[in-house]
Structures are given as C-alpha cells and as structure tokens.
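In the text below, chain A, chain B and the rest are named by the order of the sequence lines, each starting its count at 1. Everything numeric here is computed off the predicted structure, so don't read it as measured data.
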There are 2 protein chains.
Amino acid sequence: MSRSNPRVLSTLERAGGFASAQEIHKLMQREGEKIGLTTVYRSLQSLLGDKIVDVLRRDDGEAIYRLCGDSHHHHLVCKSCGKTVEIEGGAIEKWAKAVALEHGFRDIGHSAELFGTCADC
Amino acid sequence: MSRSNPRVLSTLERAGGFASAQEIHKLMQREGEKIGLTTVYRSLQSLLGDKIVDVLRRDDGEAIYRLCGDSHHHHLVCKSCGKTVEIEGGAIEKWAKAVALEHGFRDIGHSAELFGTCADC
DNA sequence: ATGAAAATGACAACCATTTTCATTTCTGTT
DNA sequence: AACAGAAATGAAAATGGTTGTCATTTTCAT
C-alpha cells in the first residue's frame with residue numbers, strides 16, 4: 001500500500017484547497033520539488049481513501065481534488081468558475097432513509113452533488 | 001457544421017434518456033445500425049449546442065448525455081449484488097432549487113445515488 | 001549492517017474524446 | 001440526367017488525463 005506524500009497535501013492546501021493532479025505537479029516542480037507525476041496521483045488516491053480530500057470533475061472531465069472537512073456535507077459547484085459552496089444535507093439524509101426503508105434496503109449511504117452557474121458568472 | 005444524426009437521438013431515448021457516447025454507439029451497432037463512433041460524438045455535440053441534451057460526468061470521468069427536460073430519476077443500488085431500483089427524485093429537485101436560490105446559483109442540475117444492502121443480501 | 005517492506009519515478013499502456021482527411025451522400029441548379 | 005459545391009461520414013491517427021508496470025531507491029526495525 002502506498003501512503004500519501006505530505007508535500008502533495010501541503011501543496012494542495014497552498015493552491016487554495018482546490019486543484020487537479022496535473023496542476024499540483026506543475027506547482028511542485030515550479031517550486032523546485034522533485035516529484036514524479038505518478039507519485040502525485042498515488043498520493044491523491046491515498047488521501048481520497050482516507051477521506052482527507054474529495055474529488056469532483058471539471059467540465060472537461062479533469063479530476064479536481066479539494067480538501068474536505070470531516071462532517072458529511074454536499075457541494076454546490078459553479079460549472080464555469082468552479083466556485084464551491086458546502087451544503088448541509090439534512091433533507092437528503094431523511095429522503096435516503098425513507099426510500100431505503102420503502103425498498104427494504106439497509107446500511108444506506110448516498111452521494112449527491114449540485115451544480116449550476118453562480119451569481120458572478 | 002455538422003447536424004445531428006436522428007438515429008443517435010432516438011437511441012438515446014431508447015436507452016432511457018441517459019447514456020454515454022460509447023454506450024450509444026455499442027447499442028446502435030448491436031441493433032445493426034452502421035454508424036461510426038465519430039458520428040455519434042458529433043451528433044451529441046450538436047444536440048448539446050441545440051440544448052436538446054445535457055451532459056454530466058460519471059465518477060470515472062466519462063461523459064453521459066441526458067435528454068433535457070426529462071424528469072430524471074435516481075438509483076438505489078445494492079452494494080453486494082448490484083440490484084438496482086429506479087427512484088423518483090421529487091424531494092431532491094425541491095431541495096436543489098431551494099439551495100440554489102439561497103446561494104444565488106442558476107441553471108441548477110444535480111446528481112444523486114443511493115447505495116446500501118438489499119433485503120436479499 | 002542487513003533484509004524486508006514501502007515509496008518512488010520513468011515509461012508504457014489505457015481509454016474517452018477530438019482532429020484529420022479522403023470519400024460518400026445530399027442539395028439545388030441547369 | 002448531369003453537374004458542382006456543401007455537408008456528412010468514418011477510419012485512422014493524435015491528444016491528454018489517468019493508471020499500471022517494474023526496476024531502483026529509501027525507510028525502518030532488528
């Protein structure tokens with residue numbers, strides 16, 4: 001198993017908590033860090049698994065990683081500028097539980113994302 | 001400029017109004033239609049431009065196209081056997097609209113999936 | 001110091017998507 | 001029907017993000 005290279009996380013923080021693997025790699029190289037693209041990807045995967053970061057997709061399909069608080073929440077993302085708002089999902093939790101019960105499912109989890117165009121775009 | 005091949009649209013409809021370019025292409029070939037993957041992509045681009053379809057991203061980054069104005073549904077998936085139930089998302093639609101308004105976003109879309117363990121597992 | 005396990009990175013493989021370009025089909029005009 | 005020009009098509013190559021491979025280096029406990 002591969003562990004996260006701590007410099008990757010700190011670079012993601014420095015990038016504003018929101019960047020793609022390629023961007024993180026370029027940033028690190030520009031700052032003189034010697035690190036391979038492969039290691040950046042691996043570190044991000046590991047951070048993902050540990051739920052320290054979160055992954056979304058840009059319009060062009062590129063994956064962008066962002067730091068994630070540990071409380072369960074959802075995101076409202078602007079499709080054109082990437083601005084992100086964290087959202088409480090109380091309504092969804094209830095809905096998920098109700099639907100699960102109705103169909104005899106248990107151990108319910110859910111994922112939900114909202115996307116649109118923000119006021120500035 | 002390229003126009004949409006009408007068979008692409010009708011195949012997307014037949015697929016439940018929700019499919020990737022590759023899936024549409026495979027479906028058409030399985031049904032004996034002679035069409036190139038390139039044309040499928042081109043047709044989808046054109047349908048996008050005409051706002052007849054909408055594009056989202058799967059978790060793996062693949063683009064999935066959806067008929068616009070299609071009241072879409074969500075899925076409740078069993079993690080162990082894969083059994084899937086289609087679900088109405090009225091509650092989510094309302095929630096999405098409310099949250100969007102609250103934050104000044106417009107043209108709101110959303111994706112949501114529920115997963116758990118079904119009664120048989 | 002020594003060996004085992006983990007981490008690393010150069011490179012190749014993958015796969016969805018786009019571009020290129022030669023060929024075919026469609027369209028309207030004579 | 002014949003023709004020309006435009007649009008559509010699709011095979012193949014190019015693109016680009018991401019993942020897999022594997023030999024080498026580093027880490028770490030004994």
Pairing partner of C:dT27, by Watson-Crick or G-U wobble and under 3.5 Å for both distances, is D:dA4
By the Watson-Crick or G-U definition, both distances under 3.5 Å, D:dT30 is matched with C:dA1
Take atom [atom1] of [X] and atom [atom2] of [N], then tell me their distance rounded to the nearest Å.
X	N	atom1	atom2	value
B:His25	C:dT17	NE2	P	13 Å
B:Arg7	D:dG10	CZ	C1'	12 Å
B:Asp59	C:dC15	CG	C1'	17 Å
A:Lys34	C:dA10	NZ	P	11 Å
B:Asn5	D:dA7	CG	C1'	13 Å
B:Met28	D:dT9	CE	C1'	13 Å
A:Glu33	C:dT8	CD	C1'	14 Å
B:Leu48	C:dT17	CG	P	11 Å

### Backbone N/O of B:Ile52 and side chain of B:Asp50: donor-acceptor pair under 3.5 Å
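Here the side-chain-to-backbone pair does not exist.
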Using the side-chain contact (heavy atoms from CB on, under 4.5 Å) rule, pick out the option among B:Asp54, B:Leu47, B:Leu48 that qualifies with B:Tyr65.
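Of all the options given, the one that passes is B:Leu48.
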Practice prompt. Assert yes or no for the condition that the ring centre distance of B:His110 to A:His75 is strictly below 6.0 Å.
Written response: no
Would you call B:Arg7 and B:Glu33 a salt bridge, taking side-chain N to carboxylate O under 4.0 Å as the test? yes
*asked:* Can you tell whether the side chains of A:Arg58 and A:Glu23 come within less than 4.0 Å, N to carboxylate O?
replied: yes
Could you state the interatomic distance from OG (A:Ser43) to CD1 (A:Ile35), rounded to the nearest 0.5 Å?
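Between atom OG of A:Ser43 and atom CD1 of A:Ile35 there are 5.5 Å.
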Given protein heavy atoms under 4.0 Å, the one-letter contact record of nucleotides 17-23 of chain D, with B base, S sugar-phosphate only and - none, is simply SBBB---
